[in-house]
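In this chain, residues are counted from 1 in sequence order. Here the structure is a predicted model, which is why all the values come from computation and not from measurement. All values below come from the heavy atoms of this structure, side chains included, with hydrogens, waters and symmetry mates left out.
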Amino acid sequence: MWGVDSQKLQNRFLKHVSLQTELTKDSLQIGEQAVYRIRLEIDKEFFQSLETLHISKLWLQFAEVYEVQRIEAQSFIDLNSHEKILYEISYVLYPKKAGDFEIAPLKISLTTKSQSFSLATDKLHFRVLPNDPLLEAISEDSIVLVGKSSLSSRIQNKNDSGEIVRYEVVLGSYGDIFGLEFILGIENASVYENTSKLTSERFGKLYWHTLKKEFDIVAKESYEIPSFEVKYREDSTLKTLSTSQFSIHLLEQTKDTTMIQKSHSYILLLVLLVIVILVCLGILLKKKDYLLKSIKNANSNKELLSLLLKNRAQDLRTKHFVRILEEEIYKNKSLIYDKVKLTKLAKHLKMDDK
C-alpha cells in the first residue's frame, strides 16, 4: 500500500520532492517476510542544486531488518515527461515475536548552498500473529524458515583419482536465511570451506534469497558426503528439505601410485646401468681386438709396428707385444711375416704383463 506523506513543508523548494513509503503486508506471522520500501523522487533541476542528501537507516527492535536493494541518483522520465532523479531503498523485515507494532518515521535531510531541508516518512502500523502451538514447539528445537524454500547440492568435478572434489550446496528461500551457515565435516577427508555467497532477487513484491556454499574435499580413501536438512513452513504446513548423500569411491590403484612410480624409476635406472656397462665392455673389447686386427691387416713386421705405434691408447699387453716385435725387427730374427705365430703370441700375452 503506497501513501504520500502528509507533512506540510513551508519551503517552496520542497514542491520538487516526492516521498513515498510502502509496506507489503500489515498482518503477518513470526518469521514471515515483509518488505519496507522508501521511494524519493526529486526534480533534476532541483537535485543539481543539492550538496548533501541523507536518508536515515531503518532499525526495528521487534524484527530482523536487512537492506536488500538500493537505487541512488537514477535518472528517469515520469508520466508527465518530467526528468526526475530516483532514490529507493528496500528492506526485508522478519518479525521475532507476536504483537502490534509500528515503524517510526524515517528522516530525510537535504541541503543546498544556502538552505537545509528535512522531511520524514509516515508512521506505519502492522500486526504479527502468533504461531500455531505445535509449530512453535518444533521451531524451538530447530531453525524453521517461513515461506517457500528449496535446497539442492551437486558434485562439480567428481573423479576416481583422488584429486580435489568440489561440493556445492544451495539454499533458496523467502525466509530469513541471513544468519545461516553450512558446516561440513568428513572424518577421513580434509574439507576446505570457500566463502558463502548470499544474494537477493525481487520477485513481485517479495525477495527470494539464495545462499550458496562450496567445499573443496581432499581424501586418500573412499568417503561419504552427508546430507544437509532444512525445515520450512508454508501455508501452516511444516515441510522438510534434504540434499542427497554422495559416496565418493577412489580406485585402489591410486593408493599404489607412488610405489608404481618408484618401481618405474628403479627399472629405468637398471636399464641405464646395463647400457653403460655394455658401452664400457664394447670400448674395452675394441681395445683388446685392436692388436689382433692390426696383425691381420699388416703385411710385414715394420707395417705392424707402425700401426701399433699410431694407437696411443695402448694397454699393457700391446706394449709388451710391441717390445717383442721391435726385437724381431732390429735383431733381424725373422724376415718372414708370420701372422699365425704373431696371433698366437698376442693371445697368450696377459693384460697385466709389463
Side-chain angles (χ1 to χ4, degrees), residues 1 21-38 57-70 88-103 124-154 167-184 193-215 226-244:
M1 53 180 182
T21 55
E22 178 193 21
L23 183 63
T24 54
K25 295 187 70 174
D26 57 7
S27 179
L28 59 159
Q29 296 179 325
I30 297 175
E32 183 180 1
Q33 181 186 141
V35 176
Y36 178 80
R37 186 173 292 113
I38 303 170
K57 188 173 182 179
L58 177 65
W59 181 86
L60 299 175
Q61 186 176 5
F62 59 86
E64 300 290 352
V65 179
Y66 308 100
E67 182 182 318
V68 290
Q69 188 174 19
R70 176 181 286 261
E88 185 175 283
I89 304 175
S90 298
Y91 297 92
V92 289
L93 318 178
Y94 293 99
K96 297 184 288 185
K97 57 184 179 180
D100 293 320
F101 304 99
E102 66 178 29
I103 299 177
L124 299 178
H125 300 266
F126 68 97
R127 173 171 295 180
V128 180
L129 305 175
N131 288 332
D132 180 274
L134 179 60
L135 295 177
E136 186 68 30
I138 296 174
S139 300
E140 290 178 357
D141 297 330
S142 60
I143 297 175
V144 178
L145 302 174
V146 180
K148 184 179 180 181
S149 303
S150 66
L151 181 65
S152 64
S153 63
R154 63 170 179 159
Y167 173 69
E168 178 187 82
V169 58
V170 180
L171 171 63
S173 180
Y174 286 113
D176 182 6
I177 64 174
F178 286 81
L180 298 185
E181 183 63 278
F182 290 107
I183 299 176
L184 178 63
E193 296 185 3
N194 294 311
T195 304
S196 299
K197 296 180 181 179
L198 179 60
T199 58
S200 298
E201 185 177 1
R202 183 175 176 179
F203 286 96
K205 292 187 175 183
L206 299 180
Y207 283 86
W208 177 262
H209 312 301
T210 301
L211 176 63
K212 180 186 295 186
K213 185 68 174 284
E214 291 180 345
F215 302 89
S227 62
F228 287 100
E229 185 177 281
V230 172
K231 292 183 174 64
Y232 73 99
R233 188 171 75 246
E234 185 179 18
D235 299 329
S236 300
T237 302
L238 183 65
K239 300 179 181 180
T240 300
L241 298 171
S242 60
T243 60
S244 300

Dump the intermediate steps for side chain to side chain contact (heavy atoms under 4.5 Å, CB included) on Leu180 and Leu211, then the final yes or no. CA-CA 9 Å; Leu180 298 185; Leu211 176 63; 4.3 Å; yes
So how far is it from [X] [atom1] to [Y] [atom2], rounded to the nearest 0.5 Å?
{"X": "Ser200", "Y": "His209", "atom1": "OG", "atom2": "NE2", "result": "4.5 Å"}
{"X": "Glu64", "Y": "Phe178", "atom1": "CD", "atom2": "CZ", "result": "10.5 Å"}
{"X": "Arg154", "Y": "Glu168", "atom1": "CZ", "atom2": "CD", "result": "4.5 Å"}
{"X": "Leu206", "Y": "Glu32", "atom1": "CG", "atom2": "CD", "result": "8.0 Å"}
{"X": "Glu67", "Y": "Ile89", "atom1": "CD", "atom2": "CD1", "result": "5.5 Å"}
{"X": "Phe228", "Y": "Ser152", "atom1": "CZ", "atom2": "OG", "result": "12.0 Å"}

Applying the side chain to side chain contact (heavy atoms under 4.5 Å, CB included) criterion to Leu171, which one of Leu151, Thr243, Thr210 satisfies it? Leu151
In this structure, which one of Lys212, Glu214, Glu181 forms a side chain to side chain contact (heavy atoms under 4.5 Å, CB included) with Ser196? Glu181
Exam field: side chain Gln33 to backbone Tyr207, donor-acceptor pair closer than 3.5 Å: yes
In terms of side-chain heavy atoms, does Arg127 have a donor or acceptor partner in Ser27 at a distance below 3.5 Å? no
Just wondering, are more than 12 heavy atoms of other shown residues or ligands nearer than 6.0 Å to NZ in Lys197? no
Kindly say whether the aromatic ring centers of Phe62 and Phe126 come within a distance under 6.0 Å. yes
Using a strict cut-off of less than 4.0 Å between a Lys/Arg side-chain nitrogen and an Asp/Glu carboxylate oxygen, indicate whether Glu88 and Arg70 qualify as a salt bridge. no
